Structures are given as C-alpha cells and as structure tokens.
Amino acid sequence: MKTFDWHDSYDVKVERFNDQHKHLFDIVKDLYVAMEDKEDRLALAHIINNLVKYSKEHFSEEEICLLNNGYPAYEKHRKQHKLFLNKIEQFAADYNSGKYLLHIDILLFLKNWVLQHILIADKEYGDYLNSKGIY
C-alpha cells in the first residue's frame with residue numbers, strides 16, 4: 001500500500017465527518033511510514049494507540065449524531081464500529097505485547113475496512129443527515 005489518499009468519491013456529505021475521515025486517512029498514512037522504519041517500535045506503538053483513540057472519538061461523535069437524528073440504520077452502523085474497534089484494539093494489544101510482523105495485516109485490514117465502511121455505510125447516512133439540515 002503505497003498511498004492511502006482521500007478522494008472526492010469518499011465524500012459523505014457531512015463536512016465534519018469528512019474532516020474526521022481525512023484525519024483517519026492521515027493516521028493510516030503515518031502508520032504506513034512508521035512501519036517502513038521497523039527500528040522505531042515506540043513511534044509505531046504511539047501511532048497504533050492514536051488510531052484506536054481517534055477512532056473511538058470519531059465513532060462516538062458519529063453515533064451521537066446518528067442517534068440524535070433518528071437514523072434508521074443506527075444499530076447496524078454502531079455494530080460495525082464496535083467490530084472495527086475490537087479488531088484494532090486487538091492489533092494494538094498484540095503489537096504492544098511484542099508480537100511482530102503484524103504490520104501487513106493491520107494495514108490491509110485498515111485500508112479495506114475504512115474504505116468499505118466510508119464508501120458504503122457512511123455514504124448511506126449523508127442524504128439522511130442532509131435532510132435533517134446537517135451538512
């Protein structure tokens with residue numbers, strides 16, 4: 001994975017969530033760069049832990065917005081977030097406990113999940129939230 005760049009096709013029609021998604025992309029890019037430098041485990045651990053922390057913050061804000069606006073697929077969306085968090089928390093725990101060679105698994109999981117989640121699940125709420133006056 002040489003690049004993990006934001007494209008307009010990922011636009012979910014809600015500016016604050018687009019901005020948060022762009023930040024997640026940046027964290028994943030930082031993770032990729034850090035993983036190329038296999039000597040700096042501390043920096044890599046910091047980025048992985050930052051990914052977990054920021055994902056929780058983003059998901060919380062997104063879920064609160066969806067819940068407060070009566071989004072019909074709220075529970076399904078929340079469950080996807082929970083599965084993601086469980087997976088990256090496990091990656092973080094494994095990495096922090098000294099397991100090596102996780103970097104390819106982490107990057108592939110992140111790239112596939114983030115893109116699929118944004119392109120499918122998150123794009124579904126855009127028009128709904130816009131109809132509630134949220135842009």
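Predicted, not measured: the structure shown is a model, and the values here were computed from it. What's counted below: heavy atoms across the whole structure, side chains too, no hydrogens, waters or symmetry copies.
Placement of V33 and I47 in two distinct hydrophobic clusters is found when ILVMFWY residues are connected by side-chain heavy-atom separations under 4.5 Å, directly or transitively. Linking Ile, Leu, Val, Met, Phe, Trp and Tyr residues whenever their side-chain heavy atoms come within less than 4.5 Å places L85 and F25 in a single cluster.
At least one side-chain heavy atom of L51 sits less than 4.5 Å from a side-chain heavy atom of L24. Contact check for I106 versus L110: side-chain heavy atoms found under the 4.5 Å cut-off. Contact check for Y54 versus Q20: side-chain heavy atoms found under the 4.5 Å cut-off.
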| field | Steps toward ring-ring contact (aromatic ring centres under 6.0 Å, His included) verdict (H81, H117) | value | CA-CA 9 Å; H81 288 170; H117 184 75; 5.0 Å; yes
| request: List the steps and the verdict of salt bridge (Lys or Arg N to Asp or Glu O under 4.0 Å) for K82 and E89. | output: CA-CA 10 Å; K82 185 166 178 44; E89 285 174 336; over 6 Å; no
| Residues N49, N96; criterion side chain to side chain contact (heavy atoms under 4.5 Å, CB included); working and verdict | CA-CA 9 Å; N49 292 330; N96 292 333; 3.1 Å; yes
| request: Would you sort out whether K22 and D19 count as a side chain to side chain contact (heavy atoms under 4.5 Å, CB included), showing the intermediate values? | output: CA-CA 5 Å; K22 289 173 187 176; D19 290 344; 4.3 Å; yes
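Residues C65 and F17 approach most closely at CB-CZ, 3.8 Å, considering heavy atoms. When all heavy atoms of D11 and W6 are compared, the closest pair comes out as N-CZ2, 3.8 Å. Considering every non-hydrogen atom in both S55 and F84, the closest pair reads OG-CE2, 3.6 Å.
Expressed to the nearest 0.5 Å, how far CG of N50 lies from CD of E57 amounts to 8.5 Å. Interatomic distance, CG of L83 versus NZ of K79, reported as 9.5 Å (0.5 Å rounding). A distance of 13.0 Å separates CD1 in I88 from CG in D94, rounded to the nearest 0.5 Å. Annotation: the span from H46 atom NE2 to D30 atom CG amounts to 9.0 Å, rounded to 0.5 Å. Taken to the nearest 0.5 Å, the CG atom of N18 stands 14.0 Å off from the OH atom of Y135. We find the OH-CG distance between Y95 and L44 to be 3.5 Å, quoted to the nearest 0.5 Å.
When ring centroids are compared, Y10 and H21 stay outside the 6.0 Å threshold.
A search for side chain to side chain donor-acceptor pair (under 3.5 Å) contacts involving E75 returns R78, not counting sequence neighbours. Evaluation of the side chain to side chain donor-acceptor pair (under 3.5 Å) rule for N69 yields no partner, not counting sequence neighbours.
Counting only distance, with no hydrogens or angles, the side chain of S97 and the backbone of A93 share a donor-acceptor pair below 3.5 Å.
Within the structure, the side-chain hydrogen bond (donor to acceptor under 3.5 Å, both in side chains) test picks out the following pairs touching residues 123-132 (sequence neighbours left out): K13-D127, E62-Y125.
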